[in-house]
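First the structure, in the form of structure tokens, and then the observations on it.
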Amino acid sequence: MKKRVISMLLAAVMTVSLVGGTMMTAAAEEAAEGKQLSVQVGPDPETIDPALNSAVDGGNMILHAFECLLTIDENGQIAPGQAEEWGVSDDGLTWTFKLREGLKWSDGSDLTANDFVYSWKRVCDPNVAAPYAETVLGMVEGFDEAIEGNLDALAVTAVDDLTLEVKLSSPCPFFESLAAFATLSPVQQATVEANGDAWAIDAATYISNGPFMVTEWVPGAYIIMSKNPNYWNADAIKLGSIKWNLIEDSNASYSAYQSGEVLMIKDVPTEEIPSLEGNEEFYVEPIIGTYYISYNTQVEPLDNPLVRKALNLAIDREYVANTLMQGTYSPATNFMGPGWMDTDGTEFMDNANGGEPYMSATADIEGALAALEEAGYPNGEGLPVLHYTTNDAGYHKAVAEYLQQAWKEIGVTLEVDIVEWSSFTPMRRSGDFEIARNGWVGDYADPSNMLDLLYSTNGNNDGKFTNADYDAAMDLSRSTTDAAERSAALHEAEDILMAESACCPLAYYNDFWLQSSKIEGAWHSAYGYWHFMYADIAE
């Protein structure tokens, strides 16, 4: 519900945004001087409020405008951010972060530990409805009371202006990664409270603390982030500004790249990929994540796991990944794919299901028909027309058309609804769909990051899957201090979701994009983000 309000506000304040963007302050105009890097990572973001965002495109923009207590460096390692020192008590329950001296907001006002206290409690506020709240703060003491409205119960305290103390209800071995995750970015209390949801949709009120700050915003066209002169490491920032071109059509992105108007595009037309093989500016790199289908498990006939199983079995994932997606993705036979790490340091996928894939990479039509018959729909007879919702970018439409053909083989009629990106994600989150394209790219390498998606109360549980045994396994994984027991609990959770066909894994993600050789000092992470903050443009 909250996300739909944000999207409506974004459209409603277009005029305000134009005014807020063009009437730049003297400081913003000065910061905007210098080289401008023009890129495309997506269309209009659903939101760039750190507490509300759960999309990669919005996350990439937030990454450049905000900085958390900790950051992830070019080698994927935890590094100092707003905090220059941190540590944890011997029992793993108390984390202490020491902030840098002299931290400032982009408007020049002081930033202190109290700003993190406010921001983390805001993530728990039921009126904010942050989708990641449970994932990033569920292990903090007092969380259950906080999400019921008693925000002061959350055990996050400013010992002084430079010291933040966090008490956990149980040890969390990856809490450093959470402290570097964008949802826990600080936001300025006075600005948020004065402007409500609108604070994050207007350049004039988008106060941030990262290397760049929003100085111009034209919805449907672009967002300009200029160098933030108040950032603690501003001297290391070489660019004067970054222009995020808000282009939804991949052909338009490609044209802008070919003309030199844009130096990097994420959305490459799929029909151009064969011609780009061997091009030194065309990149394909693996990321940790899975392209999957969400079933609305609260509506008939998708509330029947046998129907979901039949749909899963009828899909040829080899064809999807290697033909439809032209080898830019890999066929997914488990929910958790490559890159996720088990508690013993090995790959989680290697230890799943006795080392065997849960599903065949090719279609099992006989198995699908048997499941449908057991569900009471022999050869699909009696099934209503099903509806698949997706946005039209990359391979999404081609996958939707393939699903129509694949499921027709088992007697299922599928209609496809194409929805623009800004409306698609809030529609999916609110449960206003039957079957929908979905996907997840890891925020950190612990498998709980993705398995939490299917927890009954998780804000990103779009299909509303509910299973008491699944929740119990995830609860155990959060509370145990025994690494082997935690691993077993996480694997049990995946066993359950696959047995219940809670969703339908299709392919493992790779990012593919075009990037000019003129861009220097930028990097791409395994979490699907491009880091341009320390980039330069060769003359």
Side-chain angles (χ1 to χ4, degrees), residues 35-43 56-57 59-61 63-64 74-76 222 238-239 241-291 317-332 337-339 391-399 401-402 421 439 441 506-539:
K35 298 176 184 178
Q36 182 177 92
L37 175 61
S38 185
V39 301
Q40 183 271 338
V41 298
V56 173
D57 58 338
N60 223 126
M61 296 174 192
L63 180 70
H64 289 76
E74 186 173 357
N75 300 311
Y222 58 81
K238 302 176 184 68
L239 296 172
S241 60
I242 299 173
K243 182 178 182 181
W244 306 94
N245 294 271
L246 307 176
I247 306 173
E248 185 152 12
D249 180 72
S250 60
N251 290 305
S253 293
Y254 189 58
S255 295
Y257 184 82
Q258 287 183 305
S259 70
E261 177 187 349
V262 178
L263 294 185
M264 174 270 171
I265 61 169
K266 179 187 178 187
D267 292 327
V268 179
T270 55
E271 63 270 18
E272 298 293 340
I273 288 176
S275 69
L276 294 172
E277 293 296 330
N279 185 331
E280 65 178 11
E281 296 189 344
F282 180 61
Y283 294 80
V284 180
E285 290 187 6
I287 56 177
I288 54 172
T290 302
Y291 184 117
R317 290 163 179 79
E318 286 277 5
Y319 177 79
V320 171
N322 295 320
T323 301
L324 279 186
M325 296 176 167
Q326 303 177 80
T328 56
Y329 287 39
S330 306
N391 60 310
D392 185 9
Y395 298 112
H396 303 330
K397 187 175 180 180
V399 168
E401 292 170 348
Y402 164 73
W421 175 243
V441 177
L506 284 182
Y508 299 130
Y509 277 119
N510 294 308
D511 265 338
F512 56 95
W513 73 98
L514 280 164
Q515 180 173 310
S516 169
S517 57
K518 293 180 180 180
I519 301 177
E520 300 177 340
W523 72 88
H524 171 262
S525 77
Y527 306 111
Y529 292 124
W530 287 266
H531 295 248
F532 299 120
M533 56 280 292
Y534 297 113
D536 198 358
I537 304 173
E539 297 294 345

Between the side chains of Tyr529 and His64, is a donor N or O closer than 3.5 angstrom to an acceptor N or O?
no
Nearest-0.5 Å distance, OG of residue Ser253 to CD of residue Glu261:
10.0 Å
Rounded to the nearest 0.5 angstrom, the OG1-OH distance for Thr270 and Tyr395 is 6.0 Å
To the nearest 0.5 angstrom, please state how far the CG atom of Leu506 sits from the CE atom of Met325.
6.5 Å
For residues 281-290, which residue pairs pass the salt bridge (Lys or Arg N to Asp or Glu O under 4.0 Å) check, not counting sequence neighbours?
none
Checking Asp511 side chain against Ile287 main chain: does a donor-acceptor pair fall under 3.5 Å?
no
Can you see which heavy atom on Ala332 is nearest to which on Arg317, and at what distance?
O-CD, 2.8 Å
Apply side chain to side chain contact (heavy atoms under 4.5 Å, CB included) to Glu271 and list each qualifying residue two or more places apart in sequence or on a separate chain.
Asn251, Pro269
CE-CG distance between Met61 and Leu246, expressed to the nearest 0.5 angstrom
5.5 Å
Output every pair passing salt bridge (Lys or Arg N to Asp or Glu O under 4.0 Å) with a member in residues 512-533, not counting sequence neighbours, ordered by first then second residue.
none
Who passes side chain to side chain contact (heavy atoms under 4.5 Å, CB included) against Lys397, sequence neighbours left out?
Asp392, Glu401, Ile418
Within the distance-only criterion (no hydrogens, no angle test), does the side chain of Glu74 pair as donor or acceptor with the backbone N or O of Trp523 below 3.5 angstrom?
no
Closest non-hydrogen atoms of Gly439 and Tyr509, given as atom of the first, atom of the second and distance, are CA-OH, 3.4 Å
Non-hydrogen side-chain atoms of Leu37 and Met264 separated by less than 4.5 Å:
no
Please round to the nearest 0.5 Å and tell me the distance separating atom CZ of Phe512 and atom CD1 of Ile273.
4.0 Å
Step-by-step side-chain contact (heavy atoms from CB on, under 4.5 Å) determination, Lys266 to Asn60
CA-CA 11 Å; Lys266 179 187 178 187; Asn60 223 126; over 6 Å; no
Where is the tightest heavy-atom contact between Leu63 and Met533, given as atom of each residue plus distance?
O-CE, 3.7 Å
Gln40 and side chain to side chain donor-acceptor pair (under 3.5 Å): which partner among Asn245, Asp267, Asp57?
Asp267
I'd like to check the salt bridge (Lys or Arg N to Asp or Glu O under 4.0 Å) partners of Glu539; sequence neighbours left out, ordered by chain and number.
Lys35
Interatomic distance, Ile265 atom CD1 to Leu514 atom CG [nearest 0.5 angstrom]:
5.0 Å
Contact list for residues 246-287, test ring pair (Phe, Tyr, Trp, His ring centres under 6.0 Å), sequence neighbours left out:
Tyr283-Trp513
Return the minimal non-hydrogen interatomic distance between Ile242 and Leu239, and the atom names on each side.
CG1-CD1, 4.1 Å
For Ser330 versus Ala321, what's the shortest heavy-atom pair and its separation?
C-CB, 3.6 Å
Do the ring planes of Tyr291 and Tyr329 sit parallel (below 30°), tilted (30 to 60°) or perpendicular (above 60°)?
perpendicular
Compare all side-chain heavy atoms of Trp530 with those of Val39 and state whether any distance is below 4.5 angstrom.
no
Please report the shortest heavy-atom distance between Ser250 and Val268, naming the atom on each side.
CB-C, 4.1 Å
Quick check: do Leu263 and Ser38 have side-chain heavy atoms less than 4.5 Å from each other?
no
